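Have a look at the structure below, then the notes.
All values below were derived from every heavy atom in this structure, side-chain atoms included, with hydrogens, water molecules and symmetry-related copies excluded. None of these values were measured; they are calculated from a predicted model. Below, chains carry the letters A, B, ... as their sequence lines are ordered, and counting in each starts from 1.
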2 protein chains.
Amino acid sequence: MNLDPIFSAAQEAFLSYKNISPSKKAEFLEKIAETLEENRGAIVIMAVRESNLPEGRINGELGRTTGQIKLFASQVREGSWIEATIDPADPKRTPLPKADIRRMLTPIGPVVVFGASNFPLAFSTAGGDTISALAAGCPVIYKGHPAHPDTSKFVGECISKAVKLSGLPEGIFTHVEGGVKMGQDLVKHPLAKAVAFTGSFGAGKSLFNIANDRKEPIPVYAEMGSVNPVFAFPEKLGNELVPLAQSYISSLTLGAGQFCTNPGLIFVPKELSHRFENAVSDALESAAESPMLHEGIASSFYTAIENLKTRSELKWVKVPNAKHLINVSPAFAEIKASDWIADELFQEEVFGSFALMVVYENESELIEVAKKLKGQLTITLWADSSELKAQKELINLLEEKCGRLLFTGVPTGVEVGYAMQHGGPFPSTTDARSTSVGAHAIKRFARPIAFQDMPSELLPDALKNDNLLEIVRQINGKFTTESI
Amino acid sequence: MNLDPIFSAAQEAFLSYKNISPSKKAEFLEKIAETLEENRGAIVIMAVRESNLPEGRINGELGRTTGQIKLFASQVREGSWIEATIDPADPKRTPLPKADIRRMLTPIGPVVVFGASNFPLAFSTAGGDTISALAAGCPVIYKGHPAHPDTSKFVGECISKAVKLSGLPEGIFTHVEGGVKMGQDLVKHPLAKAVAFTGSFGAGKSLFNIANDRKEPIPVYAEMGSVNPVFAFPEKLGNELVPLAQSYISSLTLGAGQFCTNPGLIFVPKELSHRFENAVSDALESAAESPMLHEGIASSFYTAIENLKTRSELKWVKVPNAKHLINVSPAFAEIKASDWIADELFQEEVFGSFALMVVYENESELIEVAKKLKGQLTITLWADSSELKAQKELINLLEEKCGRLLFTGVPTGVEVGYAMQHGGPFPSTTDARSTSVGAHAIKRFARPIAFQDMPSELLPDALKNDNLLEIVRQINGKFTTESI
C-alpha cells in the first residue's frame with residue numbers, strides 16, 4: 001500500500017490544523033465525543049462481539065473514552081499546557097541590548113497511533129493516544145488493531161464525521177488496516193513525527209528500534225506492560241489478610257488479567273505466607289473462567305505457564321484448568337525471594353491472570369529486590385503507618401523503578417485526571433518522561449519553539465502582550481495571568 | 001578504566017541528593033558560581049591558552065557561565081518547574097470512590113555530560129548541561145574535552161570543592177578524561193540514565209545510537225549544529241544593505257565562526273545579489289584571520305572548503321587565505337537556489353567562518369527551500385512588515401524546521417533566560433523536545449512520578465496540602481498557589 005498520499009494529506013492538514021484556535025479545537029474534540037455517544041448502541045454491540053468483554057465493561061469503557069476526550073477538550077480550552085514563556089526585550093541593557101524572546105509548545109506533526117487489543121475503545125481508535133495527539137494539534141494516522149477490526153473502523157468513521165462536521169481538513173485523521181509490515185512502514189514514513197503504541201514488549205521495542213534507525217529518528221511512546229509488584233508488610237497484611245487477598249485476586253482477574261496494571265507479582269512475609277496462600281486459594285475458587293481477547297492471547301498464556309512449570313523453584317497454588325481455546329482460568333505460584341532474585345526470568349510478564357507470590361524472610365531481601373527490579377508502571381505498598389516509616393530506604397529505591405506508587409488498594413482502575421502518570425522506566429515504556437493516560441499525555445506531541453523579536457501582529461495569541469487566552473504564562477520568570 | 005566505582009558512587013549520591021531541599025540545592029549551585037568567581041584569574045589564563053580565544057571573550061564567557069548557574073539556582077529556589085499536580089480524593093464519588101493522586105517531576109538519575117570544545121566554560125565542565133542536571137537533582141559524570149584539559153580539570157576541582165563545602169556526597173560530580181572509547185563506555189554504563197552532548201553530528205549521532213542499543217535505552221540530548229539560514233527579502237535588504245551585510249559578516253566570523261548558531265547560509269533575492277555580494281566582500285576585507293580552537297578543526301575546515309571547490313555550481317566570492325595550521329580566514333561562495341535545492345550536500349555545515357549565499361529568483365523557490373530544509377537551531381527572517389505579511393505560508397513552513405525563529409538581527413549571541421529555545425528538529429539535535437540553553441533545560445533530566453493515596457507525612461513538601469514551597473501547582477486542573 002502506498003502511504004504517500006495518506007501522509008501528504010496529513011502533512012497538508014497539519015499546516016492549517018496547527019494554527020486553529022484552542023476553542024475551535026476543543027469543539028472538534030467534543031464533537032468526536034458527541035458522535036461516539038450518538039452511536040453508543042452500535043459501538044457497544046461491535047466491541048463486545050469482537051473483544052469477548054462483557055457489555056457492562058464495554059459500556060463503561062465507552063464512558064471512559066468520551067470522558068477522556070472531554071478532559072483533553074477542557075485542557076485545550078483552558079490553554080496553559082503550552083507553557084507560554086516570555087522574556088521581554090530590554091533595549092537599554094548594557095553592554096548589549098536584550099532581544100524579546102517568547103516561547104511556547106507547538107505540535108510536532110503527523111503522529112502514527114497503534115491501537116491496543118485490551119481496550120478496544122479507551123486505548124484504541126478514539127483512545128487517549130489519538131485524542132491527545134489531536135488535542136496537541138497533530139494529525140493522526142491510526143492503525144486499527146486486527147483483534148477488533150469492525151469496532152476500529154466504525155469508531156474511525158465517527159471521528160471522520162466529526163472532522164467533517166467541524167469543517168476541518170480530512171487529512172487530520174486517517175484509519176488504516178494492515179499487519180506487521182504496514183505498521184513498520186507507517187513508522188518508517190519520512191513525514192511521521194512521533195509514534196504512540198500500547199502492547200507487548202516485543203512489538204513496542206521493535207517499533208522503537210525502527211524509529212531510531214530512520215534517517216530522522218522520531219520519538220516512540222510505547223507502553224509495553226509491567227508486572228506491577230505489590231509489597232505487603234506483616235502488620236498491615238496480618239490485620240486485613242482476607243480482604244486484601246480478595247481485592248488482590250479481584251484485581252488480578254479483572255478483565256481476564258488483561259490490564260497493563262495487572263498486579264502479577266506480590267511480595268509476602270514468610271510468617272504470613274501460608275495464611276495468605278489459603279486466602280488466595282479461597283478467592284481463586286470463586287474466580288470464574290473468563291474469555292480472553294482472542295485465541296492467540298489465550299495460547300500465549302498457556303505457553304508461558306507451561307514454561308514456568310518446568311522451573312523447580314516454583315510451587316503451584318493453582319494451575320489453569322484444562323486448556324480452552326479462549327476461556328482461561330487464573331493461575332498462581334509461589335517462590336522464595338532468594339530464588340526470585342537469582343533469575344530475571346521471574347520478572348517477565350505473563351499476559352493474563354497469573355501471579356507470582358514471592359515469600360521474603362526479612363526486609364533486607366526487599367532492598368535486594370528493589371535494586372534488581374526492572375522499570376514498572378506501578379508499585380503498590382501495603383503497610384500500616386508505622387511500617388511505612390521504617391521503609392523510607394525501600395520507598396526511596398522503589399520510586400526509581402516506577403511511574404506511580406500506590407499506598408492503598410490495587411493498581412488496576414487507572415484514573416483519567418490531571419495528576420495521573422501511566423508510564424514508567426524501561427521496559428515498562430520506551431519513554432519514562434511521558435504518560436499515556438491523563439492530561440499530561442498531550443505534551444508527548446509537542447515541542448518548544450521560540451520567537452525572537454517577532455512583530456506583535458504575527459505572534460500567536462498565546463504570546464501577545466495582552467493575555468488574550470487568559471492562560472498562565474511565565475513572564476520574566478514569574479508565573480502570572482496578567483498581560484504585559 | 002573501570003567505571004563501576006564512579007557510577008556506584010554517583011548512584012549512591014543520587015539516592016540522597018534527589019531528596020535535599022530546593023533551598024539547599026540552590027545554595028550548592030550558588031557555591032559553584034562563587035568558587036568559579038574566586039578562581040576567575042586562573043581559569044581565564046588556562047582557558048585562553050587552551051582555546052586560542054581572546055581574553056575578553058573568555059572573561060565574558062565565565063560571566064555567562066556563572067550567570068546561568070545563578071539562573072538555575074533561582075529556578076530551583078522558586079520551585080514551580082517540577083509541575084506539581086494534585087487531584088484530591090473524592091471518597092463519595094459513585095460508582096467508585098476516587099483516589100488521591102499527586103504528581104511531580106523527579107530527577108532521572110546519574111547523567112553523563114560531554115564537554116564542548118567551542119565553549120570551554122559555558123558548554124563545558126560547569127556549563128549548562130552539568131548545571132541543569134545538578135539543578136534537576138542528578139549527579140553528573142563529566143567527560144572533559146581533550147581540547148582544554150587543564151581548564152576542564154581545574155573547573156571540575158572547583159565544582160568538587162563546592163560539593164564538599166556544601167556537605168554533599170562526593171559522588172554528585174566526577175570529572176573523567178579519556179578518548180572516544182571512554183565516551184562510549186560512559187554511555188553504555190547501566191547506571192547512566194541520560195546523556196548530554198554538544199559537538200559534531202557524527203559524534204552526537206554515534207552516542208545516540210549507542211544509547212538506543214543499550215539493554216535499557218536512555219535519552220541522549222545531543223546538540224549537533226546547524227547552518228542557521230537567513231532569509232533576506234528585497235525591501236528590507238535594499239533599505240539596509242550595507243549594515244545588514246556587515247552584521248552578517250560579524251556574526252559569521254565571531255569566534256572564528258565556531259558557534260552553534262553561526263549563520264552559514266543566506267538566501268538573497270537575485271536583484272540585490274550583486275550589491276550584497278559587494279558589501280559582503282568589503283566586510284570580509286576587514287575581517288582578520290583568527291585562530292581556530294585547535295589544529296584538527298582548522299584542518300577540517302580546509303578539507304570541507306576543498307571539497308566544495310570541486311563543485312561547479314559554486315561561484316567563490318572569497319576563498320580562504322593560504323592554509324595555516326591554526327589561523328583561518330573566512331570564505332564565502334554563491335549558488336543559485338535551483339542548484340541548492342537539487343543537492344542536500346549544500347545543506348551540510350562547514351564548522352568555521354564559511355557561508356553560502358543562495359540567490360533566489362522568486363518567492364516560490366523559497367517555499368521549495370523551506371520544504372527541503374533540514375532541522376535547524378535557528379532561522380532568521382530579514383523582511384519589512386509588509387513583506388512579512390506576504391510570507392505567512394513560508395513562516396508557517398519554517399516554524400517546522402527550527403527551534404528559534406528570529407525577525408531581526410543575527411542568531412549568534414544566545415540569551416540565557418526563561419524563554420530561550422536552543423535546540424531544534426533533527427539533525428540539529430537528537431531531541432527537538434528539549435533545549436540545552438535556558439531555564440527549561442532542567443526538564444531534560446526529570447521524569448514524572450505519581451503518588452496515589454500517599455500518607456501526608458511521607459509526601460514530598462511540594463505535594464503536601466499546605467503549599468510549603470509556595471510554588472504554582474495544578475489542583476483539580478486549576479493553576480494556583482493556594483494550599484488545599
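- Side-chain contact between A:R433 and B:R444 is absent, with no heavy atoms from C-beta onward closer than 4.5 Å.
- Residue contact with chain B, scored on non-hydrogen atoms closer than 4.5 Å, is absent for A:L96.
- Side-chain atoms of A:K389 do not come within 3.5 Å of backbone N or O of B:L458 as any donor-acceptor pair.
- If you measure heavy-atom distances from B:A439 to chain A, you find no contacts under 4.5 Å at all.
- Under the 4.5 Å side-chain criterion, counting only non-hydrogen atoms from C-beta, A:D453 is not in contact with B:L406.
- Contacts with chain B were tallied for A:K374, A:E457, A:K215, A:Q75; A:K215 has the most, counting heavy-atom pairs under 4.5 Å.
- With a 4.5 angstrom heavy-atom cutoff, B:K193 does not touch chain A via any of its atoms.
- With chain B as partner, the option from A:E393, A:R102, A:K443, A:M420 having the largest number of non-hydrogen pairs under 4.5 angstrom is A:M420.
- Between the CZ atom in B:R447 and the CD atom in A:Q421 there is a gap of 8.0 Å [rounded to 0.5 Å].
- Legend: residues meeting ring-ring contact (aromatic ring centres under 6.0 Å, His included) with A:Y17, ordered by chain and number and at least two apart, are absent.
- Between A:K205 and B:P217, some side-chain heavy-atom pair lies under the 4.5 Å cut-off.
- Counting non-hydrogen atoms of other residues, nucleotides and ligands closer than 6.0 Å to NZ of A:K478 gives a total of 12 or fewer.
- Residue B:D431 touches chain A through its side chain alone, counting heavy-atom pairs closer than 4.5 Å.
- The structure places CZ of A:F426 at 10.0 Å from CZ of B:R214, a figure rounded to the nearest 0.5 Å.
- A:P448 touches chain B through backbone and side chain together, each having a heavy atom under 4.5 Å away.
- For residues 380-387 of chain A, the interface with chain B (any heavy-atom pair closer than 4.5 Å) comprises A:S385, sorted by residue number.
- Highest contact tally toward chain A, considering only B:G109, B:P107, B:P219, is held by B:P219 [criterion: heavy-atom pairs under 4.5 Å].
- Judged by distance alone, with hydrogens and angles left aside, the side-chain atoms of B:D87 form a donor-acceptor pair with the main-chain N or O of A:A419 at under 3.5 Å.
- Among residues 77-84 of chain B, the residues having any heavy atom closer than 4.5 Å to a heavy atom of chain A are, in sequence order, B:E78, B:S80, B:E83.
- With a 4.5 Å cut-off on non-hydrogen atoms, B:M104 does not touch chain A at all.
- Using a 4.5 Å cut-off on side-chain heavy atoms (C-beta onward), B:L405 and A:Q452 make no contact.
- At a 4.5 Å heavy-atom cutoff, B:P95 makes no contact with chain A through either its backbone or its side chain.
- Distance alone, capped at 3.5 Å, places no donor-acceptor pair between the B:N212 side chain and the A:N209 backbone.
- For the atom pair CG (B:N396) and CZ (A:F14), the distance works out to 8.0 Å, reported to the nearest 0.5 Å.
- Atom NZ of A:K372 has 12 or fewer neighbouring heavy atoms from other residues, nucleotides or ligands inside a 6.0 Å radius.
- Contact annotation for B:L71: neither backbone nor side-chain heavy atoms come within less than 4.5 Å of a heavy atom of chain A.
- In this structure, chain A has a heavy atom under 4.5 Å from the side chain of B:K18, while its backbone stays farther away.
- Annotation: the span from A:N19 atom CG to B:E399 atom CD amounts to 6.5 Å, rounded to 0.5 Å.
- Only the side chain of A:K392 comes within contact range of chain B, with heavy atoms under 4.5 Å apart.
- Residue contact with chain A, scored on non-hydrogen atoms closer than 4.5 Å, involves the side chain of B:T435 exclusively.
- For the pair A:F451 and B:R404, the minimum side-chain heavy-atom distance is 4.5 Å or more.
- To the nearest 0.5 angstrom, A:Q474 atom CD is 6.5 Å from B:Y418 atom OH.
- Under the salt bridge (charged side-chain N to carboxylate O under 4.0 Å, His left out) criterion, the residue pairs touching residues 407-421 of chain A are A:E415-B:R93, with sequence neighbours excluded.
- Atoms OG1 and CD, from B:T106 and A:E400 in turn, are 5.5 Å apart once rounded to the nearest 0.5 Å.
- Interface residue B:E216: backbone and side-chain heavy atoms are both found under 4.5 Å from chain A.
- For chain A, the option among B:S434, B:G417, B:P411, B:C402 with the highest count of heavy-atom pairs below 4.5 Å is B:C402.
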